[in-house]
There are 2 protein chains.
Amino acid sequence: MVRFEKQNLSQRMTDELGKAIVAGKYSAEAGLPTEAMLCEEYGISRTAVREAVKMLSAKGLISSRPRQGIRLEPAEKWNMYDTSVLRWLLESSPSLRVLKEFLQMRLAIEPQAAALAAQHGDAVAVDAIGDAAQRMLDAAADPAVDLMTADLDFHTSILRASGNRFFFQLRDFVSTALNVSIQHTTPAKGNVLSIAQDHYKIYEAIRSGQAERAKNLMTHLIDEAMVFIEKEIEKTSN
Amino acid sequence: MVRFEKQNLSQRMTDELGKAIVAGKYSAEAGLPTEAMLCEEYGISRTAVREAVKMLSAKGLISSRPRQGIRLEPAEKWNMYDTSVLRWLLESSPSLRVLKEFLQMRLAIEPQAAALAAQHGDAVAVDAIGDAAQRMLDAAADPAVDLMTADLDFHTSILRASGNRFFFQLRDFVSTALNVSIQHTTPAKGNVLSIAQDHYKIYEAIRSGQAERAKNLMTHLIDEAMVFIEKEIEKTSN
DNA sequence: ATAGGCATATTATATTACAAATAAATAAGA
DNA sequence: TCTTATTTATTTGTAATATAATATGCCTAT
């Protein structure tokens, strides 16, 4: 996925530290090691460490003050919509619980986005939705077509067509959620067509301006994934 | 609000640069001045400039590469859920359009959060909602009680009671939206009681576990603000 | 016992130097 | 003339070092 070799030192350091923090390597009371200690530990200069600290501060994970050292911020303050933070979180604890929270969020956002797209999505944006939906149908017939990417494009293009920058901003969030979902819920081969058709229906509702219908169909689509996850949770807790 | 004097140099620099970028001071083609030029312009060391650049990179506003300088990232990549970015955006263009997008977002999130709170909000969290709602009622009778803060607490505590960290994470977003809203929509004195009662009804629905009712009431509450904004937009466009 | 000052540790800022990367210009070859 | 290497210049990346600011806790003097 991410090519760490290509990144510069401070970015790699940011990633290392971020991962460690999210994974709970450091405690809130003890805080982080001092800059000097981090320099030694990773064999890099203070500049690189400081820039990593600044990055993580910007993401809400830590704060640093003179004489006090580098302190952990409570998890509530972490910027969860930051792609990196999200990735670290999932790498460290890919639990079903997080997955459920993802779906709850999508259940709030995506139906609303679909409704907005139906109300005033411009032609180009709506066409992109159709494209993606068509590709999902193709994938059902031809295994060579990438279903995953088509699915992802479908959901992303709806967020874009909503015309609301805050919704569209959540594309990485939704992408990540979908990616993680796939790992847990491999759809049965026969269901692919049925799923693709459900997606296409949403596109048709949007194109024809049926906001309520688009919203309901989208709710239903995500609800099915939710039901699946809840069954999984049931299973593991027993 | 924010005490810039108390902030350190790189944070102030981050704020200056961030504001300038969001306000459109720099063009995408030309990019930003080089580090050296920024040092001269603001009369500070390269370290401070670099740390500001790192912060803004972390927020998705810029990227920097050797020989290429500091480039602006497209607005789509900006982390809009970052409190600073949001603040810069509102300071530079406090338009009704942004306000409407805020409300569309709240319309997606808050009703769902209210439903979740009704389903499995723990007692302490739900009590906090009741507290805030009661304070809003008090404010209707006694002008000394801070209505604004109570209103804010009400919405924030519902996000918390949803038990979903992604919803709760949006508390700053909702706070900002409310703050901006207030500036545009000063409620008539007589309406305060009516509004407070609407809020209290939502609390009652949540406490008694009526998820659907809580959701509908919340939708209605935000919808009213939306209607108001749309009238304002109508007015200004004429 | 308490207030005020001092020592100390740690981050904040500054300065300088060199390394690395890359875009653009130039030269070489077909 | 066009393509391909190579060189060069510019800008960020990394490092090392020094000094300032600041918060903590100890310690002294009243």
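Atoms considered below: every heavy atom in the structure, side chains included; atoms not considered: hydrogens, waters and symmetry mates.
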> Who are the side chain to side chain donor-acceptor pair (under 3.5 Å) partners of B/Glu16, not counting sequence neighbours?
Replying inline: none
>> Does the Lys NZ or Arg CZ of A/Arg165 fall within the cation-pi geometry relative to A/Phe168 - under 6.0 Å from the ring centre and within 45° of the axis?
In response: no
Let's see if you can work this out: which of [options] has an atom nearest to the side-chain heavy atoms of [X]?
{"X": "B/Ile44", "options": "C/dT13, D/dT14, C/dA14", "answer": "C/dA14"}
{"X": "A/Thr47", "options": "D/dA16, C/dT15, D/dT12", "answer": "D/dA16"}
{"X": "A/Arg46", "options": "C/dA14, C/dA12, C/dA17", "answer": "C/dA12"}

>> With rounding to the nearest 0.5 angstrom, report the CD1 to CZ distance, A/Ile109 to A/Arg171.
In response: 14.0 Å
> Rounded to the nearest 0.5 Å, how far does OG1 of A/Thr176 lie from CG of A/Leu86?
Replying inline: 5.0 Å
Length of the line joining [X]:[atom1] and [N]:[atom2], which is rounded to integer Å:
{"X": "B/Met37", "N": "D/dT10", "atom1": "CE", "atom2": "C1'", "value": "13 Å"}
{"X": "A/Tyr42", "N": "D/dT14", "atom1": "OH", "atom2": "C1'", "value": "18 Å"}
{"X": "B/Glu51", "N": "C/dA12", "atom1": "CD", "atom2": "C1'", "value": "8 Å"}
{"X": "A/Arg50", "N": "C/dA14", "atom1": "CZ", "atom2": "P", "value": "11 Å"}
{"X": "B/Leu32", "N": "D/dT10", "atom1": "CG", "atom2": "P", "value": "20 Å"}

>> What residues from residues 60-72 of chain B pass a heavy-atom cutoff of under 4.0 Å to DNA chain D?
In response: B/Ser64, B/Arg65, B/Pro66, B/Arg67, B/Gly69, B/Ile70
>> We want to know whether B/Asp15 and B/Gln11 form a side-chain donor-acceptor pair, criterion being a heavy-atom distance below 3.5 angstrom.
In response: no
